[in-house]
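Labels below follow one simple rule: chain letters A, B, ... track the order of the sequence lines, proteins then strands, and each chain is numbered from 1.
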2 protein chains.
Amino acid sequence: MSRKITIKDVAAEAGVSEATISRALNDSPQVKKATRQRIQKIAQDLGYHPNGLARSIRVQKTNTLGVIIPDILNNFFTHIIRAIEDAAAQAGYDVLIVNTDEQDDREVSALNLMLEKQAAGVIITSAGGPTNYAAQLGNTPAVFVDRMPPAGIATQYDRVLVDNVRGTQDLVTQLIDRGAQRVGIINSAVSMTATERLKGYHRALSVAGQPHDPAIEVTARTDNSNVAQMTRQLLVNQRCDGLLAADNTIMDAVLHKLPDLDLPPFQLGSFDDQDWFDFLPQPIVTAKQPIAQIGKTAVDRLIARINQPDLPAEEFRLAAKIITH
Amino acid sequence: MSRKITIKDVAAEAGVSEATISRALNDSPQVKKATRQRIQKIAQDLGYHPNGLARSIRVQKTNTLGVIIPDILNNFFTHIIRAIEDAAAQAGYDVLIVNTDEQDDREVSALNLMLEKQAAGVIITSAGGPTNYAAQLGNTPAVFVDRMPPAGIATQYDRVLVDNVRGTQDLVTQLIDRGAQRVGIINSAVSMTATERLKGYHRALSVAGQPHDPAIEVTARTDNSNVAQMTRQLLVNQRCDGLLAADNTIMDAVLHKLPDLDLPPFQLGSFDDQDWFDFLPQPIVTAKQPIAQIGKTAVDRLIARINQPDLPAEEFRLAAKIITH
DNA sequence: TTGAAAGCGCTAACAG
DNA sequence: CTGTTAGCGCTTTCAA
């Protein structure tokens, strides 16, 4: 492999100094137009590509935003990624995405990688794990998305979250309006999310004058390995006529179980939306998160903080929208 | 924001030279164990994080693989990403993913970004567009995945592809075995893929002794905007009793149209698999690509080429598997 | 076992 | 308008 072309090669070829090459290639107005064009042509012909690492090291900053995602196979997060990429690109930043598959150790490595790559800031969609964010991040600007940072430090960081309480309340209310008298919930394993969604669930029941019943409030494992059994528990044993899955991975597991059950009609609800819910044999109500807006808000806030590190930490709550498929 | 901690700060604190710090932090055997441990502790306490850019620039190489993806919302590609990330991590590489949304200009920027970041190699899942890969890539190692590079240069690069001909043939044969007498195809807009899948389709028909009918071989636009209309055309006007969608985005558009049509029973087939096909009201046959293997093959080959740049360009064909949901 | 010094590719004063 | 020079943070000879 022939050695990489550097600015020095271009300088030699053009018969000017490296500084002039640098200026020309960065469209500095202080280089004569003729020279600039000549240099740009030479650079092109030589197949020169600037070394961004060298540049970053010299100017002491990068335009990279790190993004930590817990599950890249989850539709919700791919939409988040896309929204973040779009917003970042618009602001002149590139994005370093790392998927952790919900594993804490991979989250730690991901964060390390981002710090080593000198990310200007990070967007974290993970948490819950024992990661010591404060220690790892130091003063790297960070925004938490979708999931809260651990309780102790939650208010030290910016957060972009959906209004879980309201979204769940509206969702359950919709199930009740559609006729459900006894709505069970399979809650999320993510703690803060679960707490909020449970609260919304309770509020809807209270407003409707329906009793709470702990027997029909269950929690999924992170890998959803217990969801099939819980589905049977709620819909068969507990005779629920409504079922709420607290996120789309839980709903997926529920749907896989349903055909075994041979049930009378009941109401189905899911936090998070999926396009293919349209194809299900029975109606389903969802709380659809404003994903594009979440991504944009997170990026905008992160960039604001990069430029102005001592902004006060803030929480952004965005409203989910109820959809019936 | 307090200045970043560098190796120099650690050196000052430890009272040794920067060189020793560097050695200690890289677990060099030639530094005394006691010193090493002392230094590592100090680095930790100071919150030191090595600057990977500086390191890369010094050692003249990175451990970054660039990955260009045309559509991150497509389930197929997210699985590819995951497989690539896994294989790369195992080999000690990190991954820079850029989504192009099927836009050629974004592909060009993506490639530029990767070159600027000094990616050790790139995996490209795109092509078709006018991108001048040869010129842009120079001698950066590259592997094309899922889609061929443009015809002129196809044989200059490594390719990891599914066996489209065989997969489609098996798929259509399955539809015929299940009773279809007249199978229409809505083909892909990606040219090489389309050609191969059409060939497999023809082979299956020939083997079954069924005639080809150009009237029921149609092609989707890249954005699938014409698929709804084609679905009606084939299933209603042309009275097909079998329909093959040449990829999962096409199938998605077909499924959205079906409820409007009120059809007699027919056979449905799709290249690419989706988990949620299980939930469809009618059976569906798919050719499932060996995604994990595709990702691993691509990464392994790319790394092999990075280490040994003058390997001959090779084509890897992996078999798809027929699944009935 | 450790230190001094050079240099990776680039940009930004400062001079001219 | 252009060149000289220094230095970003790191690793790696070469010497001690």
Specify the separation, in whole Å, of atom CD1 of I39(B) and atom C1' of dT1(C). 11 Å

Just by modelled atom types, is the F76(A) backbone N or O under 3.5 Å from a matching donor or acceptor in the N74(A) side chain? yes

In whole angstroms, how far is the P atom of dG9(C) from the NZ atom of K117(B)? 18 Å

Just the rounded figure in Å: distance from C1' of dT1(C) to CZ of R38(B). 13 Å

Between K296(A) and D86(A), does any NZ, NE, NH1 or NH2 come within less than 4.0 Å of an OD or OE carboxylate oxygen? no

Do R159(A) side-chain atoms and F144(A) backbone N/O form a donor-acceptor pair below 3.5 Å? no

CD of E116(B) versus P of dG9(C): gap in Å, rounded? 16 Å

Have a look at T35(B) and say if it touches a base, only the backbone sugar-phosphate, or nothing, with a 4.0 Å heavy-atom cut-off. sugar-phosphate

Please state how far atom CZ in R36(A) lies from atom C1' in dT2(D), giving the value in whole angstrom units. 14 Å

If you measure from CG on L65(A) to CD1 on I306(A), what distance do you get to the nearest 0.5 Å? 5.0 Å

Mark up nucleotides 9-16 of chain D, 5' to 3', with B wherever a protein heavy atom is under 4.0 angstrom from a base atom, S wherever such an atom reaches only the sugar-phosphate, and - elsewhere. BBBBB---

Name each donor-acceptor pair under 3.5 Å that joins a side chain in residues 19-27 of chain A to protein atoms two or more places apart or in another chain, with its distance.
unit_1: T20(A); atom_1: OG1; unit_2: S17(A); atom_2: OG; d: 3.2
unit_1: N26(A); atom_1: ND2; unit_2: S22(A); atom_2: O; d: 2.7
unit_1: D27(A); atom_1: OD1; unit_2: Q40(A); atom_2: NE2; d: 3.2

Using the side-chain contact (heavy atoms from CB on, under 4.5 Å) rule, take V143(B) and Y157(B) through it: C-alpha gap first, then chi angles, then the decisive distance, then the call. CA-CA 6 Å; V143(B) 174; Y157(B) 293 97; over 6 Å; no

